[in-house]
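Heads up, the thing below is written out as structure tokens.
FYI, the numbering just counts along the sequence from 1.
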Amino acid sequence: QVQRVESGGGLVQPGGSLRLSCVVSDFHLDGYGIGWFRQAPEKAREGVLCISPSGHTTYYADSVKGRFTSARDNANNTVYLQMNSLKPEDTAVYYCVRSRYDIMCPRRGLEDSFDAWGQGTQVTVSS
């Protein structure tokens, strides 16, 4: 049973913005770092970033630095991914995931360092 729900994806033109939300209902958000991963068609999953309970962000994908940010509302068990200046290469299914190291965000965005994958939300950047 999926107990976290990603939403906010959709179709956007290049240069546009989207804000993804991840609502968690099976654990207390303030006890974990939360990562965002993405998987483009026919490509491996890629770590995007991780946000700690204190709000510190660790970026895994250099291509999103300066364009993507994350925020969290621990009281409402929700994490956000704000994506600006979107490019066609950002097209992917985006997932929020939980750090296996509790409040710590792993130094590297490896899949094995995270668990509790949701169903993902599709983001398509196209004109």
What are the two closest heavy atoms between [X] and [Y], and how far apart are they?
X      : Y      : value
Gln82  : Ser17  : NE2-CB, 4.0 Å
Pro106 : Cys50  : CD-SG, 4.4 Å
Val93  : Gln119 : CG1-O, 4.4 Å
Leu29  : Asp73  : CD2-O, 4.0 Å

Take Leu18 and Leu86 through the test side chain to side chain contact (heavy atoms under 4.5 Å, CB included) and record every step on the way to the result.
-> CA-CA 8 Å; Leu18 281 176; Leu86 282 162; 4.2 Å; yes

Given side chains that start at C-beta, do those of [X] and [Y] come closer than 4.5 Å, heavy atoms only?
X      : Y      : answer
Tyr32  : Val24  : no
Trp36  : Cys22  : yes
Arg72  : Ile34  : yes
Ser113 : Arg100 : no
Thr91  : Ser126 : no

Remaining members of hydrophobic cluster (4.5 Å side-chain criterion), Ile103 |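 Members other than Ile103 - counting any ILVMFWY side chain reachable under 4.5 Å - are Tyr101, Met104.
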
Nearest-0.5 Å distance, [atom1] of residue [X] to [atom2] of residue [Y]:
X      : Y     : atom1 : atom2 : value
Ile51  : Ser99 : CD1   : OG    : 13.0 Å
Leu20  : Phe68 : CG    : CZ    : 8.0 Å
Phe37  : Tyr95 : CZ    : OH    : 11.5 Å
Leu49  : Thr57 : CG    : OG1   : 6.0 Å
Phe114 : Arg98 : CZ    : CZ    : 11.5 Å
Arg19  : Leu81 : CZ    : CG    : 10.5 Å

Hey, is the main chain of Gly9 close enough, under 3.5 Å, to the side chain of Thr121 for a donor-acceptor pair?
-> yes

Would a hydrophobic clustering, with Ile, Leu, Val, Met, Phe, Trp and Tyr connected at side-chain separations under 4.5 Å, put Val79 with Val23?
-> no

Could you list all the side-chain hydrogen bond (donor to acceptor under 3.5 Å, both in side chains) pairs where at least one residue sits in residues 59-69, not counting sequence neighbours?
->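 Matches after skipping sequence neighbours: Arg38-Ser63, Asp62-Lys65, Arg67-Asp90.
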
Contacts of type ring pair (Phe, Tyr, Trp, His ring centres under 6.0 Å), residue Tyr94, not counting sequence neighbours |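 So Tyr94 forms no ring pair (Phe, Tyr, Trp, His ring centres under 6.0 Å) with any residue.
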
Please report the C-alpha distance between Trp117 and Arg45 in whole Å, then the side-chain angles of each, then the deciding distance to 0.1 Å, and finally whether the side chain to side chain contact (heavy atoms under 4.5 Å, CB included) criterion is met.
-> CA-CA 12 Å; Trp117 294 78; Arg45 281 178 179 170; 3.5 Å; yes

